[in-house]
Amino acid sequence: MSKLPFMMGRYKWLVKVLSVGAECKGEDPNGEHKKPTSTKQQNTTAHTEAKKCLDEKVENNIPKKPRFYIEEHKVFNDPIHGHIKLHPLLVKIIDTPQFQRLRKIKQLGGGYYVFPGASHNRFEHSVGVGHLAGELVKALRAKQLEELEQEQEPSMDSESLINDRDVLCVQIAGLCHDLGHGPFSHVFDGMFNPQADPKGEKWEHEDASIFMFDHLVNDNNLKPLMNHYGLITEGDNENDLVFIKEMIKGSLKNNSPQNEKLYKGRNNEKSFLYEIVANKQNGIDVDKFDYFARDCHHLGIQNNFDHRRFIVFARVCNVDGQLHICSRDKEMANLYDMFHTRNSLHRRAYQHRVKMAVEIMIKDALLKANQDPHFQIKWAEENMCSLSEAKRHKEAYTKLTGRGFEVWCLKLTTHLTFKTSEVVYTCILFVLFAL
Ligand SMILES: [Zn+2]
């Protein structure tokens with residue numbers, strides 16, 4: 001029954017297209033036929049013209065917002081959040097090479113070599129964060145509308161009311177916040193990169209995510225589609241691309257005067273939106289909600305924090321002249337459980353002794369590969385670069401994943417036999433772990 005409106009809509013659209021066809025063939029769409037007037041040759045010419053006319057009219061009659069194809073939401077079955085429904089623009093972003101690359105990047109780096117269940121990747125985590133970002137921003141909006149309806153004293157003015165554009169941007173920021181992770185996640189940005197490029201600028205995966213988000217939008221020509229869904233992609237005023245990138249970078253620790261504009265993408269009345277994906281004020285954000293739940297699920301560790309409850313009780317409050325996402329006092333126990341889970345995950349998994357040892361070996365193998373001329377990434381017809389240089393070339397970085405590295409190691413184990421024994425040792429150890 002739930003499919004009926006969709007089927008009816010599709011049927012109407014089909015009838016419209018068929019009626020255009022009938023009109024072009026000289027038939028009245030309502031059923032009254034026009035008589036053919038001429039010879040065989042005239043018929044052929046008429047047929048060609050009719051076909052051309054049909055093509056043009058069908059094209060013109062496809063709705064500017066074709067509900068039945070472009071606007072269709074997609075449902076993903078996620079092991080943590082269940083069935084989640086994503087906006088078509090989010091689906092379009094997921095269906096790009098830059099996003100699909102996350103399928104090949106291990107969420108917990110070397111953790112999979114210690115915990116056999118920890119085989120999950122950045123891809124599913126990013127989809128989960130996009131979903132939770134949408135849940136939290138919609139819950140805050142519902143709370144705002146509730147307050148307005150009940151005519152309570154509003155905690156904010158109309159400028160701070162969340163609109164559809166804000167919701168979509170927050171979801172995109174959640175979805176794309178980890179686009180910049182390199183092979184084995186934090187092994188690449190936290191361990192490999194500082195040693196491979198010691199004189200380089202400070203480089204974090206958030207910066208790479210912004211770099212890759214720009215590449216994703218431009219390489220797939222997404223701006224027209226973003227505009228189609230109401231986003232603003234040009235100019236200095238409320239530019240949504242700027243807003244999304246600022247959210248990926250995270251909220252600022254606010255020490256600035258109240259009247260100073262904190263962000264470029266949105267005014268201070270909406271500064272609380274920056275606390276949803278990456279909250280630098282207190283560390284409570286949907287990124288952690290997803291990875292605590294997902295990592296615990298795959299590691300086999302208990303998670304006592306209930307992020308669904310947090311979302312239900314969250315609201316925006318004015319704290320010392322600034323709007324922030326706040327929780328009720330009775331939610332203290334739930335938040336305590338969140339920080340306890342974090343502590344537990346670090347002690348038992350993220351800083352696990354053997355996991356760290358494996359990651360040091362992976363880092364050493366990456367460093368050796370970085371110095372070896374055979375480990376080059378071909379990113380254009382004649383352009384090659386090393387692993388540490390890849391972060392400066394968006395096409396090369398799109399190709400740099402953990403899975404490819406394992407394959408290279410397997411291939412080069414025999415190749416490097418003729419080189420230093422140290423390299424062979426590192427690679428063989430790595431391959432043993434990879435098996
Ligand atoms: Zn994340």
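All ligand and atom numbering here is 1-based and tracks the order in the structure. For reference, positions follow the sequence shown, starting with 1.
- Among protein atoms, those of element N, O or S found less than 2.8 Å away from the Zn ion (ligand 1) are H125 NE2, H177 NE2, D178 OD2, D287 OD1.
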What pairs of donor and acceptor atoms, side-chain ones from residues 166-173 against any protein atom, are under 3.5 angstrom apart with sequence neighbours left out?
unit_1, atom_1, unit_2, atom_2, d
D166, OD1, R266, NE, 2.9
D166, OD1, R266, NH2, 3.1
D166, OD2, N163, N, 3.0
D166, OD2, K270, NZ, 2.5

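- A cation-pi geometry, defined here as NZ or CZ lying under 6.0 Å from the six-membered ring centre and within 45° of its normal, holds between R101 and Y397.
- Sorted by first and then second residue, the salt bridge (charged side-chain N to carboxylate O under 4.0 Å, His left out) pairs with a member in residues 325-343 read R309-E331; sequence neighbours excluded.
- Taking the six-membered ring for Trp and the full ring otherwise, F289 and F305 have centroids separated by under 6.0 Å.
- Scanning for ring pair (Phe, Tyr, Trp, His ring centres under 6.0 Å) contacts around H340 gives an empty result, with sequence neighbours left out.
- Checked against the 6.0 Å centroid threshold, F192 and F188 count as a close aromatic pair.
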